[in-house]
> 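Sharing a structure below in structure tokens format, with a few things to ask.
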Amino acid sequence: MPSLRASEWQNLPVSLKELCINTTLRCGQSFRWRKSAEDEWSLALHGRILSLRQDSERLHYRASFPSAALAPPTPPASTVPSAAESVNQDDDDTLALVKHYFNLTPNLAQLYDQWALADPNFRKRAPKFTGVRILQQDAWEALIGFICSSNNNISRISQMVHNLCLHYGPLIGHVGATPYHDFPTPKALTGPKVEQHLQKLGFGYRAKYIYKTAVMVEEKGLDWLQDLCNPENPPLGVDPKPAGELVEGGRGGYRRAHEELLALHGVGPKVADCVCLMGLGWSESVPVDTHVWQIAQRDYKFGKGKHSSLTKATYDAVANRFRSLWGKEAGWAHSVLFTADLKTFSERLVAKVEVKEETVVKIEVDGIKQEADMVRMETITEKRVKRPFVKEEHQVLEVKEEKVTRKRAKRTKT
DNA sequence: CCCGACCCTCCCCT
DNA sequence: AAGGGGAGGGTCG
């Protein structure tokens with residue numbers, strides 16, 4: 001077990017309107033974050049274990065590096081420089097990493113205002129889901145993660161990704177007894193037994209997709225993938241360059257990236273858009289999944305006539321509609337509405353009701369009191385979503401659509 | 001453009 | 001009390 005050299009906690013000023021990790025890390029754009037302690041999230045990233053906490057004014061972060069003496073650094077996928085030795089250098093490095101990963105440059109509160117001004121539905125739904133940022137994840141990791149997402153749920157996707165890391169990714173260290181592995185390289189997934197092994201691990205038909213995609217990316221080279229990224233949002237250490245103004249259907253670079261990704265096995269339009277948005281920095285990318293399709297029908301008058309089902313043509317029409325409505329960062333706005341529709345966060349929609357019902361737990365979406373919420377949430381590593389709070393769910397759901405209320409109400413009695 | 005099949009897990013319902 | 005039916009951030013042929 002490699003010993004870790006942990007730096008002290010550092011912090012940077014970030015309001016919850018600019019970033020809410022409790023929402024952003026759980027909304028299904030990244031699949032590897034784990035709760036490492038009360039109110040603390042951790043992830044193996046770029047050769048270290050990054051841990052986070054957040055209060056109403058600051059984001060606190062700490063990096064733990066493998067001790068160079070006992071465990072030589074095992075560089076993950078791409079750009080890990082050999083271990084920095086001074087604590088100061090570690091911290092500087094980690095600060096840059098955090099700023100990059102959380103994509104902290106855009107002014108999110110300002111963007112929310114802009115989207116709310118343009119869209120009454122956004123204005124209605126966004127207030128309880130502030131601080132949802134699009135992460136700048138590693139493109140290769142995003143690619144594999146979203147290949148796993150097809151016809152799947154967030155809980156199982158997370159387990160699959162953890163399994164991938166456990167068996168094929170470099171071990172960075174432990175938090176308590178829990179091992180933290182970085183994401184595997186493409187090459188690590190090209191072995192002759194990978195597909196069969198993944199099949200055995202419960203990946204189902206995605207085992208083949210992952211293996212074949214790994215082989216193709218290994219052949220094309222990671223540079224091929226990286227070169228598809230938005231020059232405005234380049235990898236850490238590369239200078240940004242302009243990528244032009246938004247046009248119908250998205251900018252040329254985005255369309256090219258999307259098209260090239262479609263050549264990979266298990267990558268259709270939706271997965272390609274997820275990679276474009278969350279791995280390649282194309283903010284106008286709008287992944288249209290079943291959730292978004294339902295939102296489009298419910299709130300944006302889709303689902304009739306020409307666009308009665310989610311064909312490729314409808315897919316493009318929905319994405320274009322959202323781009324023209326929300327603008328260049330349409331993918332960011334889309335993610336807010338997507339998150340607002342996740343069952344995981346449904347209790348947030350009726351927080352006031354719970355308080356009225358003399359429930360002890362008060363939920364302040366933007367405040368630290370969210371921890372009360374967190375205590376009751378599953379961690380993604382747990383096997384199933386259990387329900388020690390059926391009663392609350394029942395109360396919650398009475399305010400929601402009848403269909404759901406009926407189902408849950410019956411189950412409550414069971 | 002429309003289907004069914006595809007791995008697997010959990011859930012509701014009978 | 002077992003088991004069908006459906007859905008879960010789709011993709012392929």
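Chain A is the first sequence line, chain B the second, and so forth, proteins listed ahead of strands; every chain is numbered from 1.
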> Is the count of non-hydrogen atoms from other residues, nucleotides or ligands lying under 6.0 Å from A/Lys208 atom NZ greater than 12?
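Atom NZ in A/Lys208 is not crowded, with 12 or fewer foreign heavy atoms closer than 6.0 Å.
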
> Please determine, for the side chain of A/Ser150, which listed nucleotide (C/dG10, B/dC8, B/dC1) has the closest atom?
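Side chain of A/Ser150 sits closest to C/dG10.
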
> Judged by each residue's nearest nucleotide on DNA chain C, which is more toward the 5′ side, A/Asp289 or A/His265?
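Nearest nucleotide further toward 5': that of A/Asp289.
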
> Would A/Arg125 and A/Asp299 pass as an ion pair if we require N to O under 4.0 Å?
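Here A/Arg125 pairs with A/Asp299 in a salt bridge, since their nearest N and O are under 4.0 Å apart.
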
> Of all the choices, C/dT11, C/dG10, C/dG9, which nucleotide is nearest to the side chain of A/Phe338 once you look at every atom?
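Given the options C/dT11, C/dG10, C/dG9, the side chain of A/Phe338 is closest to C/dG9.
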
> Has the side chain of A/Tyr205 got a donor or acceptor that lies under 3.5 Å from a partner of the other kind on the base of C/dG10?
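Side chain to base: pair present.
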
> Could you spell out the base pairing of DNA chain B in dot-bracket, with Watson-Crick or G-U pairs whose two distances are under 3.5 Å, [ ] crossing and | to another strand?
..||||.|||||||

> Quickly work out the A/Ile157 CD1 to B/dC8 C1' distance and round it to whole Å.
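These atoms are roughly 12 Å apart.
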
> What is the separation between atom CD1 on A/Ile147 and atom P on B/dC7, rounded to the nearest whole Å?
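From A/Ile147 CD1 to B/dC7 P: 15 Å.
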
> Ring of A/Tyr112, cation from A/Arg123 - is the NZ or CZ under 6.0 Å from the centre and inside 45° of the axis?
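The answer is no; the distance or angle limit is not met.
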
> Where the side chain of A/Val271 is concerned, which of C/dT11, B/dC2, C/dG9 is the nearest nucleotide?
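Of the options given, the side chain of A/Val271 lies nearest C/dT11.
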
> Any donor-acceptor pair under 3.5 Å between the side chain of A/Lys270 and the base of C/dG9?
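Per atom types, the contact qualifies.
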
> Using whole Å, report how far NZ of A/Lys212 lies from C1' of C/dG13.
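After rounding, the gap between these two atoms is 12 Å.
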
> Please report the distance, rounded to the nearest Å, between CG in A/Leu198 and C1' in B/dC8.
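One finds 14 Å between C1' of B/dC8 and CG of A/Leu198, rounded.
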
> Report the residue (A/Arg156 or A/Val267) whose heavy-atom-nearest nucleotide on DNA chain C is the more 5′ of the two.
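The residue whose closest nucleotide sits nearer the 5' end is A/Arg156.
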
> Mind checking A/Cys27 for me? I need base, sugar-phosphate or nothing, with any heavy atom below 4.0 Å counting as a touch.
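Base: the residue A/Cys27, judged by heavy atoms under 4.0 Å, touches a nucleobase.
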
> For a quick check under 3.5 Å, do A/Tyr315 and A/His307 share a side-chain donor-acceptor pair by atom type?
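No donor-acceptor contact under 3.5 Å links the two side chains.
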
> Base, sugar-phosphate, or nothing: which does A/Leu264 touch, judged by heavy atoms less than 4.0 Å apart?
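The residue A/Leu264 makes sugar-phosphate contact but no base contact.
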
> Under 3.5 Å, is there any donor-acceptor pair linking the side chain of A/Arg206 to the base of B/dC8?
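No, the side chain and the base share no sub-3.5 Å donor-acceptor pair.
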
> Consider only side-chain N and O atoms of A/Tyr300 and A/Asn121, and report whether a donor and an acceptor are under 3.5 Å apart.
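Side-chain D/A pair, A/Tyr300 to A/Asn121: present.
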
> For A/Phe31 and C/dG8, what is the distance between atoms CZ and P respectively, to the nearest whole Å?
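Answer to the nearest Å: 15 Å.
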
> State whether A/Asp227 and A/Lys220 are salt-bridged, where the test is any N-O pair (Lys NZ or Arg NE/NH1/NH2 against Asp/Glu carboxylate O) under 4.0 Å.
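Result for this pair is no, no salt bridge flagged.
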
> Need one value for A/Val288: base, sugar-phosphate or nothing, where a base atom within 4.0 Å counts as base even if backbone is also close, heavy atoms only.
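Touches nothing.
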
> Does the side chain of A/Trp224 pick up a donor-acceptor pair with the side chain of A/Glu260 at under 3.5 Å?
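Looking only at side-chain atoms, A/Glu260 and A/Trp224 do form a donor-acceptor pair, the distance falling under 3.5 Å.
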
> Send over the distance from A/Tyr315 OH to B/dC2 P, rounded to a whole Å.
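Value for this atom pair: 17 Å.
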
